[in-house]
Amino acid sequence: MGTPHKVSDLSLADKGRLRIEWAESRMPVLMALRERFKKTQPLKGQRVAGCLHVTKETAVLIRTLRAAGAEVSWSGCNPLSTQDDVAAALAAEDTSIFAWHGQSNDDFYWCIERTLDFKPTLTLDDGADLIFTVHAKHKELAKDVIGGTEETTTGVHRLRAMAADGKLLYPVIAINDSETKWDFDNVYGTGQSSLDGILRATSVLFAGKVFVVAGYGHCGRGLASRARGMGARVICTDITPTHALKAILEGYEVMPMDQAAKLGDIFCTATGMKDILVKRHFESMKDGAILSNTGHYDCEINLTDLESVAKGKREVRANNEEYTLKNGRRIYVIAKGRLVNLAAAEGHPSEVMDMSFANQALGLCKLAAEGKSMKPQVYELPKSQDQELALLKLETLGVSIDKLTPEQAAYANDYSAGT
Ligand code: 3DD
């Protein structure tokens, strides 16, 4: 195999292929796009550098981009989220991939650098680490890049800030901001997959437990509803009044973290902000409290603070470290505070990544076709695309919906029609 790659263990390829097949059988929208792209070749001649969690669902996206004619080179976007069997399967089918589970920070950035070796014409990010590396260390490559896409909320925030500063060197499409991404992946995906990660690392009963959700945004909304569905008493914290008000009207308790820290049995941070759980919170927590984070970066649980109030630490289960505090109580941290859904489980289910990645593929096709005439700013995909994708998804679910009659369509646009 001449294609450059670095993965953990090529012998895992067969197992990875089976997992990718499993995902393909549950991603009908992306698979339908792949069939279309095989004929139209919209990414022919393009070189796509991707920096996004290497999961069975991402493998389906990579195969689709290659079917569309693109050359692809890929790294993971988190040191703990790569599924090694999937990475092996991708390497075995001649994908240029640099990713393995449990990377050091140096490994992580070395892998990103390798994906730049073939001078990409398009970049695909989840958290903006790749595009940021191009801007910070390889400005000479930016002139060959037509545009990029960004998968997640945190990454879009970073890119909007760069654009506002006039620092963006090429156009970027905020995939996260498509309704068929943030209102499905962030809500239903994060809600289920984060609890999946907590359960795999602890196997605790949720019913009757106090589950604290830090951040009642789209991700927090999904977390809260799934935890309540399993019988937990849900407390939400937030800094945004409208978010807190929505949580109250949904029937959750809302209070400052200083109070919630004393009550919580299980915590999950989903804010995108640093230092959500800090020293004073750890010192007031119950014995046996379980801490997890589902935000993109591992900055929400301040582990330096936790180390400062602990007298001992040991791994008690996979992805589960017990800190014994000086006050004698024990606190359990899942996946070292890194995103629990991907580090301790398999990330969102295929069914919901189906639409996120359909948006990614369509976004790259838009850049390939129109990027040269776009400005170095952050764009959104057309809202009409959300309805097209949702209709396609409904069809795959065997669901049909009503249509406006011509009279109703006329009425909808007739501002003179009063009561
Ligand atoms: N993300 C969650 N599950 C994923 C999966 N199964 N494959 C690839 C990426 C996955 C991350 C997404 O939620 C991304 O949209 C984000 O971080 O917002």
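This is a predicted model, so every value here is computed, not measured. Numbering of ligands and ligand atoms starts at 1, following listing order.
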Would you call the rings of F98 and W110 parallel, tilted or perpendicular if under 30° counts as parallel and over 60° as perpendicular?
perpendicular
Counting heavy atoms under 4.0 Å, the part of L339 that contacts ligand 1 is neither
Hey, are K137 and E113 close enough for a salt bridge, meaning a charged N less than 4.0 Å from a carboxylate O?
yes
Below 4.0 angstrom, N of the basic side chain to O of the carboxylate: do R19 and D85 qualify?
yes
Of all protein heavy atoms, the one nearest atom 1 (N) of ligand 1 is L342 CD1, 3.8 Å
Is K393 paired with D386 through a side-chain N to carboxylate O contact shorter than 4.0 Å?
no
Would R158 and F132 count as a cation-pi pair here, with the cationic atom under 6.0 angstrom from the ring centre and within 45° of the axis?
yes
Which atom pair, heavy atoms only, marks the closest approach of G295 to L339?
O-CB, 3.6 Å
Regarding ligand 1, does H348 bring an N or O atom to under 3.5 Å of one of the ligand's N or O atoms?
yes
For atom 10 (C) of ligand 1, which candidate among Q83, M353, E150, E346 provides the closest heavy atom?
M353
Is a side-chain donor or acceptor of S292 paired with a backbone partner of F267 at a separation under 3.5 angstrom?
yes
Could you identify the single nearest non-hydrogen protein atom to atom 12 (C) of ligand 1 and state the distance to 0.1 Å?
D185 OD2, 3.6 Å
For T55 and ligand 1, does the shortest N/O to N/O distance drop below 3.5 Å?
yes
Can a salt bridge be assigned to the pair E93 and R63 using a cut-off of 4.0 Å between side-chain N and carboxylate O?
yes
Would you say the ring centers of H218 and Y188 fall short of 6.0 Å from each other?
no
Can T271 and E300 be said to form a side-chain hydrogen bond (donor to acceptor under 3.5 Å, both in side chains), step by step?
CA-CA 8 Å; T271 69; E300 305 202 26; 2.7 Å; yes
For the 3.5 Å polar cut-off, considering only N or O atoms, please tell me whether E57 and ligand 1 meet it.
yes
Near T58 (heavy-atom distance under 4.0 Å), the atoms of ligand 1 are 7 (N), 8 (C)
Does L52 approach ligand 1 within less than 4.0 angstrom via side chain, backbone, both or neither, non-hydrogen atoms only?
side chain
Would K56 count as a contact residue for ligand 1, given that I'm defining contact as a non-hydrogen atom of the residue lying under 4.0 Å from a ligand atom?
no
H296, any N or O under 3.5 Å of ligand 1 N or O
no
Does even one non-hydrogen atom of F357 get within less than 4.0 Å of ligand 1?
yes
Mode of T153 contact toward ligand 1 - side chain, backbone, both, neither (heavy atoms, under 4.0 Å)
neither
Would you say E151 and ligand 1 have an N/O pair spaced under 3.5 Å apart?
yes
Hey, is ligand 1 close enough to T152 that some N/O pair sits below 3.5 Å?
yes
Which of the atoms in ligand 1, numbered in the order shown and given with their element, are less than 4.0 Å from a heavy-atom of K181?
14 (C), 15 (O), 16 (C), 18 (O)
